[in-house]
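Below, chains carry the letters A, B, ... as their sequence lines are ordered, and counting in each starts from 1. Keep in mind it's a predicted model, so treat the numbers as computed, not measured.
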Amino acid sequence: MAVRVRYAPSPTGDPHVGNIRSALFNWLYARHTGGTFIVRIEDTDQARLVPGSLDAILDALRWLGLDWDEGPGADGPHGPYVQSERLDIYKEHAARLVAEGKAYECYCTPARLDAVRKARQQAHQPTGYDRRCREPEGAEQARKENPDSNPVVRFKMPTEGVITVDDFVRGEVTFDVSLLDDFVLLKSDGYPTYHLANVIDDHLMEISDVMRAEEWLPSAPRHKLLYEAFGYEMPRLIHLPLILGPDRSKLSKRHGAASVLEFRDMGYLPDALVNFLALLGWSLDETSELFSKDDLVEHFTPERILANPAVFNIEKLDWFNGLYIRGMDDAALADALAPWLDDPEHGLPASARPVDHDYLSTIVPLERERLKRLAEAPEMLSFFFEERLDYDPSLLVPKGLDTEATRAMLEAALATADGADDWSVAALETAYRALAEQLGARTGQLFGAIRVAVTGRTAAPPLFDTLSVLGKERCVSRLRAALAAL
RNA sequence: GCCCCUAUAGUCUAGCGGCCUAGGACGCCACCCUUUCAAGGUGGAGAUCGCGGGUUCGAAUCCCGCUGGGGGCACCA
């Protein structure tokens, strides 16, 4: 049977990493099997819709390279792929269940429902609807109490017995049906609940495997009963372990960055994020952990999905990102860096923009292995571009030397620079090593002082590469400025 | 309160009855390389495999209980 899987986000907020990990696993499974990846928008909660969030979700998918075969902007045979455009379908199906005696209208008010819930909890009973409207008398009474309200449609659950659902990751999970209540299928505003819309659409869209987060496992028995009520075959269920924050609760906004778009904006590479996310709840073997997207497509199988939740460890993401940055060639990294440097808000000062691409290409080899995130570039590379350096002059004085000795050293360094006609890395190194010897200074002291003078910082790429890239003119004037500031 | 899932180092994980004196990775520490910072290399600390019972000649691996952690219990998804 052809694999047809779906990612079914609801446009109620940012595309957070837990959600997108579900999208990734579905996508990987579809691509691994040559199946179909569908994006379906579950916008059935009118109250919680967040404008712009649909675009944000689709942007996140595009950014990560998770393309869909059917869904928004990719029409297929089972559309529309937006649930708010399928309302008639859900209404018909709900009406069918009512006509068959498998569902019923309920007129109870939220206030009453709330009271029932509280009373049950206090009585140490499972919370849930008391089924008043399931009997004609109860419904009649409820209708009299609320003559103006529209009813909801509730599903008639069996009142006893157990139901076993088969989760591909966990095996058989058994629930006591008597503990489950008659859940709502159709809301009073005419929109379906998740349970109804999901079951109908998964069937109509011929979904073969439902891969979703573990938080859905408790509603699986309801879904199974719904499939049976409609006479539909149930897709295979694959529940993914949750992604947790450092405090071990479900990862959310309050843990800091949770939206995939935030990670993009912090300068993480999509492939690094994908690699990292793939390893949260899935692994291949003892040692493999470096996976390109193609590798993942080749190796991903649901058999290797774990059952236990995973804590989101941003330090490992940082490591992955550094690894992927180091894996980029000069041209690719320069291209990736340019927009960050040219960004009016977080990039280089206006006077340094736009960056010269050729110049940037010469800088890239020096900074590649120092960058963890692209967003660090403006701060890290600024001294290559700014005219005036702003730093604490006391940094110029090396350990073990005083101001006067430093001055003498920098004057000699300036003279050497001034007199140099070969500005290559090798020539510079030869000249300055000779100078250190001539001055009786340790190389660390001399080079350190020059480094601060020329970069404004104590930590920078190798000195002679830096000088060479910076060019003679800039170095000479910075050495002069340093002497003036001392 | 009721239900469900889960349990190997701080974190991600390998392990599916003997190959485990428990392997890999991030992080941490040390050393090497070295003009600084990184990167890289080498080494190290860190897990009584949550605890207690079984089953078995033999258990991290199977079973049960407990405990911890998480999730669910809406006219939200």
Problem set entry | Ring centres under 6.0 angstrom apart (A:Phe320, A:Tyr268) | no
Exercise. Paired with B:A30 by Watson-Crick or G-U wobble geometry, both distances under 3.5 Å: which nucleotide is it?
Worked result: B:U42
For this session: In plain terms, say whether A:Arg368 and A:Asp330 are close enough for a salt bridge, that is, a side-chain N and a carboxylate O under 4.0 Å apart.
Result: yes
For this session: Pick base, sugar-phosphate or nothing for A:Ser10, based on heavy-atom distances below 4.0 Å to the nucleic acid.
Result: sugar-phosphate
Problem set entry | Most 5' of A:Ala123 and A:Tyr107 on RNA chain B, judged by nearest nucleotide | A:Ala123
For this session: Would you classify A:Pro192 as touching base, sugar-phosphate or nothing, given that sugar-phosphate means primed atoms plus P, OP1 and OP2, and contacts are heavy atoms under 4.0 Å?
Result: sugar-phosphate
Problem set entry | Counter-base of B:A7, judged by Watson-Crick or G-U geometry with both distances under 3.5 Å | B:U67
Problem set entry | A:Trp282 and its ring-ring contact (aromatic ring centres under 6.0 Å, His included) partner, picked from A:Phe276, A:Phe25, A:Phe291 | A:Phe291
Problem set entry | Check: A:Pro221 and A:Met157 side chains under 4.5 Å, non-hydrogen atoms | no
Problem set entry | Stretch residues 433-445 of chain A: residues that reach within less than 4.0 Å of RNA chain B through a heavy atom | A:Arg433, A:Thr443
For this session: Kindly state which residues belonging to residues 148-169 of chain A come within less than 4.0 angstrom of RNA chain B, counting heavy atoms of the residue only, listed by number.
Result: A:Val152, A:Arg154
What protein N or O atoms touch nucleotides 7-13 of chain B N or O atoms at under 3.5 angstrom, if any, and at what distances?
| unit_1 | atom_1 | unit_2 | atom_2 | d |
| --- | --- | --- | --- | --- |
| B:C12 | OP1 | A:Val311 | N | 2.9 |
| B:C12 | O2' | A:Leu279 | O | 3.1 |
| B:U13 | OP1 | A:Gly281 | N | 2.8 |
| B:U13 | O3' | A:Ser283 | OG | 3.2 |

Exercise. P atom, B:U11 versus B:U48: distance in rounded Å?
Worked result: 12 Å
Throw together a table of side-chain donor-acceptor distances under 3.5 angstrom for residues 108-117 of chain A, partners on residues two or more places apart or in other chains.
| unit_1 | atom_1 | unit_2 | atom_2 | d |
| --- | --- | --- | --- | --- |
| A:Thr109 | OG1 | A:Arg112 | N | 3.1 |
| A:Arg112 | NH1 | A:Asp130 | OD1 | 3.4 |
| A:Arg112 | NH2 | A:Asp130 | OD2 | 2.6 |
| A:Asp114 | OD1 | A:Arg117 | NH2 | 3.2 |
| A:Asp114 | OD2 | A:Lys118 | NZ | 3.2 |

Seminar exercise, completed: Residue pairs passing the salt bridge (Lys or Arg N to Asp or Glu O under 4.0 Å) test with at least one member in residues 149-167 of chain A, sequence neighbours excluded, are A:Asp167-A:Arg170
For this session: Return the set of residues passing ring pair (Phe, Tyr, Trp, His ring centres under 6.0 Å) with A:Tyr104 (not counting sequence neighbours), or none when no residue passes.
Result: none
For this session: Report yes or no: does A:Asn26 contribute a side-chain atom to a donor-acceptor pair with the main-chain N or O of A:Tyr7 at less than 3.5 Å?
Result: no
Problem set entry | Phosphate-side-chain proximity, A:Thr44 and B:A77, N/O vs OP1/OP2 below 4.0 Å | yes
Exercise. Expressed in whole Å, how much space separates the P atoms belonging to B:C63 and B:G23?
Worked result: 25 Å
Exercise. What does nucleotides 37-46 of chain B look like as a protein-contact string, B for base, S for sugar-phosphate only, - for none, at under 4.0 angstrom between heavy atoms?
Worked result: BBSS------
For this session: Could you check if a side-chain atom of A:Ile20 sits within less than 4.5 angstrom of a side-chain atom of A:Val17, using non-hydrogen atoms only?
Result: no
Problem set entry | A:Tyr81/A:Trp68 aromatic ring centres below 6.0 Å | no
For this session: For A:Glu437, check side chain to side chain contact (heavy atoms under 4.5 Å, CB included) against everything at least two apart and list the hits.
Result: none
For this session: Please name all residues satisfying salt bridge (Lys or Arg N to Asp or Glu O under 4.0 Å) with A:Arg143, sequence neighbours left out, ordered by chain then number.
Result: none
Please write out each protein N/O paired with an N/O of nucleotides 2-4 of chain B under 3.5 Å, distance rounded to 0.1 Å.
none

For this session: Tell me, please, which residues at least two apart from A:Phe383 pass ring pair (Phe, Tyr, Trp, His ring centres under 6.0 Å).
Result: none
Exercise. Do any of residues 114-121 of chain A sit with a heavy atom less than 4.0 Å from RNA chain B, and if so which?
Worked result: A:Arg117, A:Gln121
Exercise. Across all strands, who's sitting opposite B:U61 as a Watson-Crick or G-U wobble pair, both distances under 3.5 Å?
Worked result: none
